[in-house]
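For reference, the structure is listed below as structure tokens.
In what follows, every chain begins at residue 1, and chains take the letters A, B, ... in the order their sequences are listed.
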There are 2 protein chains.
Amino acid sequence: MLRLTKRTEYGLIALVHMAELAAARPAEAEAEVISARAIGDIFPVPKRMLAEALKHLQQGGILESTRGVRGGYRLSRSADQISLGEIVSALEGPPTLTSCAGLGAASADGGCEVEPVCPIRSPLARLRTGIWTLFEGVTLQALADRSADPTGLFSATG
Amino acid sequence: MLRLTKRTEYGLIALVHMAELAAARPAEAEAEVISARAIGDIFPVPKRMLAEALKHLQQGGILESTRGVRGGYRLSRSADQISLGEIVSALEGPPTLTSCAGLGAASADGGCEVEPVCPIRSPLARLRTGIWTLFEGVTLQALADRSADPTGLFSATG
DNA sequence: TTTAATCGGCACTAGTTTAGTGCTCTTTTC
DNA sequence: GAAAAGAGCACTAAACTAGTGCCGATTAAA
């Protein structure tokens with residue numbers, strides 16, 4: 001039912017936490033790394049799943065990782081340069097909405113039977129674009145700013 | 001990954017088809033019923049699943065049904081009075097986005113461990129509202145109008 | 001140089017959801 | 001009464017999700 005996965009939830013929790021840490025730091029200070037373990041100690045989430053999410057975020061270019069003792073993760077950019085669309089895309093792939101409405105205009109996994117006569121392909125593709133635009137317009141910064149006016153979240157939408 | 005179910009796809013196909021039939025009819029004419037079989041003969045979709053979808057739409061108050069020979073379904077209102085939000089809600093329940101972010105502000109299935117310290121509950125609830133607003137703003141009429149300007153779909157968003 | 005913390009990759013299990021089908025009952029027209 | 005159509009219940013198989021286990025690679029520190 002249009003639901004995000006747990007992995008995405010955990011990833012978002014970690015990212016928002018990192019963004020809050022960044023906001024509390026003086027602007028000139030370099031971001032310090034924080035380990036998956038440290039985040040897992042703060043929030044009662046399955047640590048392995050959290051690590052899984054962080055790994056995906058690193059592969060998606062949203063986090064930078066440092067290995068070894070004292071290693072960990074940090075945001076690869078400032079929080080206002082990271083969009084929710086990017087995050088969700090890294091954690092569970094771009095939203096497809098329907099099996100046939102992939103991002104490329106063409107069909108999907110082996111071809112859809114209905115496609116030649118399908119009356120909803122085009123409208124659903126437009127709808128998918130609308131959702132995507134919504135996600136692209138929300139920054140990690142906006143997510144982390146708890147005092148933000150709700151409508152402010154979607155200011156970049158129209 | 002933010003995907004609609006097949007049942008929803010089939011339901012949407014049927015609804016868009018009915019809306020197109022309605023558009024081709026003179027305004028004063030009463031809508032004729034069309035059977036699940038007849039729709040299934042037009043579009044190559046599993047007929048039973050289609051029937052399942054139509055049943056849900058009837059229960060959701062979007063379609064009216066007539067039983068018996070010559071029975072079938074028809075739209076309970078004109079296509080511009082039916083929102084995509086209603087349709088999706090009837091076919092697969094309202095979009096929840098996350099397990100904890102139900103429509104009622106309170107928690108969900110048995111209580112979330114993270115909730116007391118969760119940094120994303122509020123922002124995700126706002127995001128869910130945004131998606132929901134998007135869905136509410138798209139009418140069946142707009143979905144059925146294939147020549148519509150893509151941006152026209154989302155005119156009711158901002 | 002050894003140890004321990006940390007990320008990185010592969011694989012596995014159990015539970016839930018989704019897709020699709022079968023059967024029977026009720027209603028209604030012919 | 002026969003046939004067409006919706007309504008309801010239950011079932012199976014496949015796919016996806018959540019979560020865990022294990023081990024290798026890297027690196028700072030003792």
Side-chain angles (χ1 to χ4, degrees), chain A residues 1-11 13-14 32-41 44-60 62-74 76 88 91-93 95-100 108-110 112-114, chain B residues 1-11 13-14 32-41 44-60 62-74 76 88 91-93 95-100 108-110 112-114:
Chain A
M1 328 99 161
L2 282 174
R3 186 181 284 195
L4 299 172
T5 64
K6 286 285 180 186
R7 192 168 72 196
T8 300
E9 281 185 50
Y10 301 150
I13 288 174
E32 291 172 13
V33 300
I34 181 169
S35 70
R37 163 185 284 262
I39 299 175
D41 285 340
V45 300
K47 292 188 172 39
R48 277 296 302 282
M49 290 289 290
L50 179 63
E52 198 76 15
L54 294 172
K55 188 169 60 176
H56 279 255
L57 289 169
Q58 185 271 327
Q59 289 166 339
I62 292 165
L63 293 179
E64 288 174 352
S65 65
T66 311
R67 295 170 72 161
V69 178
R70 299 284 197 90
Y73 295 95
R74 69 176 162 196
S76 66
V88 171
L91 286 167
E92 53 187 283
T96 52
L97 210 59
T98 53
S99 50
C100 65
D109 36 275
C112 168
E113 284 287 315
V114 188
Chain B
M1 327 99 161
L2 282 174
R3 185 180 285 195
L4 299 173
T5 64
K6 287 286 181 185
R7 191 167 72 196
T8 300
E9 280 185 50
Y10 301 151
I13 287 174
E32 292 173 12
V33 300
I34 182 170
S35 69
R37 163 186 284 261
I39 299 175
D41 283 341
V45 301
K47 291 188 172 40
R48 277 295 302 279
M49 289 289 290
L50 178 61
E52 197 76 15
L54 295 171
K55 189 169 59 178
H56 279 256
L57 289 169
Q58 186 271 326
Q59 290 167 338
I62 292 164
L63 293 179
E64 287 174 352
S65 66
T66 311
R67 293 169 72 159
V69 178
R70 298 284 198 92
Y73 296 95
R74 69 175 163 198
S76 67
V88 171
L91 286 167
E92 53 187 285
T96 52
L97 211 61
T98 54
S99 49
C100 64
D109 36 275
C112 168
E113 284 287 314
V114 188

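Listed candidates were D:dA7, C:dA19, C:dG20. Nearest to the side chain of B:K55 is D:dA7.
Summarising the geometry, the separation between CE on A:M49 and P on D:dG19 is reported as 5 Å, rounded to the nearest angstrom. Between the CG atom of B:L63 and the P atom of D:dA7 there is a distance of 10 Å, rounded to whole Å. Rounding to whole angstrom units, CG of residue B:L91 and P of C:dA19 are separated by 12 Å. If you measure from atom CD of A:E92 to atom P of D:dA18, you get 9 Å, rounded to the nearest angstrom. A:K47 has its NZ atom 13 Å from the P atom of C:dC7, to the nearest Å. The distance between atom CD of B:E52 and atom P of D:dA5, rounded to the nearest whole Å, is 18 Å. In this structure, the NZ atom of A:K6 is 13 Å from the P atom of C:dT16, given to the nearest Å. The NE2-P distance, from A:H56 to C:dC7, rounds to 15 Å in whole Å.
If you find the closest nucleotide of DNA chain D to A:R48 and to A:L4, the one lying nearer the 5' end belongs to A:L4.
One finds no side-chain N or O of B:Q59 lying less than 4.0 angstrom from the OP1 or OP2 phosphate oxygen of D:dA7. For the pair A:Y10 and D:dG19, the criterion of a side-chain N or O lying under 4.0 Å from OP1 or OP2 is met. Contact annotation: B:Q58 reaches the phosphate of D:dA7 (side-chain N/O to OP1 or OP2, under 4.0 Å).
Annotation: side chain to side chain contact (heavy atoms under 4.5 Å, CB included) contacts of A:R37 (sequence neighbours excluded): A:S35, A:D41. Partners of B:S65 under the side-chain hydrogen bond (donor to acceptor under 3.5 Å, both in side chains) rule, at least two apart in sequence or in another chain, do not exist in this structure. Applying the side chain to side chain contact (heavy atoms under 4.5 Å, CB included) criterion to B:E64, with sequence neighbours excluded, gives B:R74, B:S76. B:K6 is linked by a side-chain hydrogen bond (donor to acceptor under 3.5 Å, both in side chains) to A:S99, counting only residues two or more places apart in sequence or in another chain. With sequence neighbours left out, A:Q59 forms a side chain to side chain contact (heavy atoms under 4.5 Å, CB included) with A:K55, A:H56.
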Write out a two-atom table: protein N or O, nucleotide N or O from nucleotides 3-6 of chain C, distance below 3.5 Å.
from  : atom 1 : to    : atom 2 : distance (Å)
C:dT6 : O4'    : A:G68 : O      : 3.4

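If you check the side chains of A:E9 and B:T98, you find no donor sitting under 3.5 Å from an acceptor.
When side chains are defined from C-beta on, A:L2 does not count as touching B:T96, because their heavy atoms never get closer than 4.5 Å.
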